[in-house]
Chemist: 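I am attaching a structure below and will ask some questions about it afterwards.
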Amino acid sequence: MKVKANILGLGFYVPEKVLTNYDLEKIVDTSNEWIVTRTGIKERRIVKEGQACSDLAYEASIKALRDANVKPEELTHIIVATFTPDYCTPTTACVLQDKLGAKNCQMAMDVAAGCSGFTYAIDVARGLINVYPDAKMLVVGSEVCTSRLNFQDRSTCVLFGDGAGAVVIGSDEKNKKATIIDSLLRANGSLGYLLPVGKEGGSAKPYKVGSKVTADYFINMNGPELFKHAVRGMSDMALKILKKNGLTPDDLDLFIPHQANLRIIDAIAKRLSFPREKIYINVDRYGNTSAASVIIALSEAYSKGLINPGYKVLLVAFGAGLTWGSVLIEF
Ligand code: ACO
């Protein structure tokens with residue numbers, strides 16, 4: 001790529017409301033002990049009544065814009081990665097554009113790639129910056145996963161949470177916080193059946209007015225099968241993007257894998273012989289926030305001062321589709 005995509009600012013937002021494992025014990029047949037030992041999750045954030053995907057995206061975006069010293073009117077592109085949009089249409093990106101007052105936007109669109117959504121959106125932004133070198137782009141991962149959770153299904157409802165993260169991207173070299181060195185994606189639609197959301201209620205099986213909403217409207221997944229694909233997919237992806245850039249895991253200062261399950265993270269670390277100390281983990285506090293997961297983690301690590309200039313950071317995500325994605329960043 002001729003024009004570099006630089007990160008000019010970062011921000012994240014999680015709702016104030018905390019749902020602990022003990023709260024879940026009162027809703028489904030589960031226990032704090034089972035959830036912690038099988039997933040590492042202790043609590044997650046959930047939206048309050050009426051808080052939509054665009055509201056979380058707005059809060060994260062305002063922080064990223066402030067960090068970048070960029071005004072909403074300067075934005076030319078908005079990309080929102082989500083599988084829990086406010087509506088089918090208008091897109092959450094268009095709703096967000098309106099809320100921000102980003103009236104000079106040329107393009108606003110959603111990207112749907114499950115939990116890999118943010119890495120997909122970054123790859124799109126890297127391409128776009130080469131078509132529009134003066135662009136100022138807002139790239140967001142935002143999810144209200146709880147809107148697609150069946151709270152009668154203990155095998156899924158304990159895993160997910162709500163939140164959003166955002167970055168401002170431009171070619172500006174002077175005011176950059178970091179440079180996106182590379183991004184690499186993969187998809188395998190033949191495994192989509194392992195994690196369907198909305199088997200009913202979409203055009204494949206539309207609802208009619210007055211239809212009964214069934215469990216098929218919500219997240220369904222084959223956890224143990226996905227576990228294997230997630231470990232293999234994210235490990236392979238990490239090694240591929242590092243090799244492509246002449247690097248090894250030893251060259252990384254921080255590794256941010258998709259925050260789905262602590263056991264998946266540990267299994268990847270073992271495969272890559274990567275030390276735990278260099279892995280950023282917040283799945284214990286936020287659960288799996290899908291497309292928001294890796295950008296919340298990156299933005300949180302950055303806001304805590306854990307990322308120094310010169311640090312090489314690798315994001316790797318895995319999700320429904322199935323999809324895989326990785327982003328290599330140098331601060
Ligand atoms: N509380 C108590 N027991 C439970 C719960 C629960 N919340 N959920 C399942 N169980 C039970 C099961 O019924 C089963 O009981 P049984 O042996 O009597 O049949 C037992 O626990 C073991 O179930 P498994 O599904 O084999 O448990 P496993 O160790 O595989 O953990 C988990 C399940 C946590 C879902 C794991 O498979 C996993 O994390 N998979 C990956 C999921 C994932 O990452 N998905 C997201 C990736 S894509 C994306 O992010 C959208």
Side-chain angles (χ1 to χ4, degrees), residues 19-44 53 81-84 111-120 141-163 165 185-189 191-199 215 218-235 237 256-268 281-284 286-297 315-326:
L19 184 72
T20 66
N21 293 346
Y22 297 106
D23 296 327
L24 282 165
E25 283 181 357
K26 294 175 200 145
I27 301 172
V28 278
D29 180 16
T30 190
S31 67
N32 173 61
E33 203 258 331
W34 190 95
I35 302 171
V36 172
T37 51
R38 299 294 179 116
T39 73
I41 301 167
K42 292 179 181 150
E43 58 185 42
R44 69 288 292 143
C53 181
T82 188
F83 83 96
T84 53
V111 166
C115 301
S116 311
F118 185 76
T119 58
Y120 269 57
S142 184
E143 300 282 17
V144 180
C145 293
T146 52
S147 67
R148 286 289 188 157
L149 280 184
N150 171 2
F151 279 95
Q152 292 174 2
D153 176 8
R154 67 178 182 174
S155 70
T156 53
C157 76
V158 302
L159 303 175
F160 294 87
D162 304 332
L185 309 178
R186 265 212 73 190
N188 184 353
L191 295 173
Y193 67 93
L194 292 174
L195 209 176
V197 182
K199 271 203 289 185
F218 300 96
I219 294 175
N220 281 277
M221 70 176 194
N222 181 333
E225 269 307 302
L226 276 172
F227 193 103
K228 287 184 255 169
H229 287 289
V231 172
R232 208 178 305 135
M234 282 194 273
S235 309
M237 184 61 92
I256 301 184
H258 176 42
Q259 307 286 311
N261 183 323
L262 195 55
R263 283 163 54 220
I264 294 177
I265 295 173
D266 280 337
I268 297 169
I281 293 167
N282 62 14
V283 67
D284 52 328
Y286 302 143
N288 181 350
T289 56
S290 187
S293 161
V294 287
I295 179 54
I296 289 178
L315 314 181
V316 183
F318 174 88
L322 298 183
T323 55
W324 297 253
S326 59

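Atoms within each ligand, like the ligands themselves, are counted from 1 in listed order.
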Chemist: For atom 25 (O) of ligand 1, which of Gly223, Pro224, Ser155 has the closest heavy atom?
Modeler: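 Looking at heavy atoms only, the winner is Pro224.
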
Chemist: If we count only N and O atoms by modelled type, under 3.5 Å, do the side chains of Arg148 and Asn220 hold a donor and an acceptor together?
Modeler: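 Arg148 vs Asn220: no donor-acceptor pair found between side chains.
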
Chemist: Measuring from the heavy atoms of Ser290, does anything fall under 4.0 Å of ligand 1?
Modeler: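 Contact check Ser290 vs ligand 1: negative.
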
Chemist: Looking only at protein heavy atoms, identify the closest one to atom 39 (O) of ligand 1 and say how far it is in Å.
Modeler: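 Closest protein heavy atom to atom 39 (O) of ligand 1: Asn261 ND2, 2.6 Å.
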
Chemist: Identify the closest protein heavy atom to atom 31 (O) of ligand 1: which residue and atom is it, and at what distance?
Modeler: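 Its nearest protein heavy-atom neighbour is Arg263 NH1, 3.8 Å.
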
Chemist: In the protein, what heavy atom is nearest to atom 27 (O) of ligand 1, and what distance, to one decimal place, separates them?
Modeler: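 Result for atom 27 (O) of ligand 1: Arg38 NH1, 3.1 Å.
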
Chemist: Determine whether any heavy atom of Asn288 lies closer than 4.0 Å to an atom of ligand 1.
Modeler: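 The answer is yes, since Asn288 has a heavy atom less than 4.0 Å from ligand 1.
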
Chemist: Quick test of your reading of the structure: of Thr289, Thr30, Leu24, Thr323, whose heavy atom lies closest to atom 6 (C) of ligand 1?
Modeler: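 Selected option, by shortest heavy-atom distance: Thr30.
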
Chemist: Could you identify the single nearest non-hydrogen protein atom to atom 48 (S) of ligand 1 and state the distance to 0.1 Å?
Modeler: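 Checking every protein heavy atom, the shortest distance to atom 48 (S) of ligand 1 gives Leu195 CD1, 3.3 Å.
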
Chemist: Starting from atom 42 (C) of ligand 1, what is the nearest protein heavy atom, named by residue and atom, and what distance separates them?
Modeler: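 It is Met221 CE, 3.5 Å.
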
Chemist: Please list the nearest protein heavy atom to atom 7 (N) of ligand 1 with its residue and the distance rounded to 0.1 Å.
Modeler: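 Looking only at protein heavy atoms, the one closest to atom 7 (N) of ligand 1 is Arg154 O, 2.8 Å.
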
Chemist: Do we see a donor-acceptor contact under 3.5 Å between the side chains of Thr84 and Glu143?
Modeler: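 Yes, Glu143 and Thr84 have a side-chain donor paired with an acceptor closer than 3.5 Å.
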
Chemist: Measure the distance from atom 9 (C) of ligand 1 to every protein heavy atom, then report the residue, atom name and distance (to 0.1 Å) of the closest one.
Modeler: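 Ranked first by proximity to atom 9 (C) of ligand 1 is Trp34 CZ2, 3.5 Å.
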
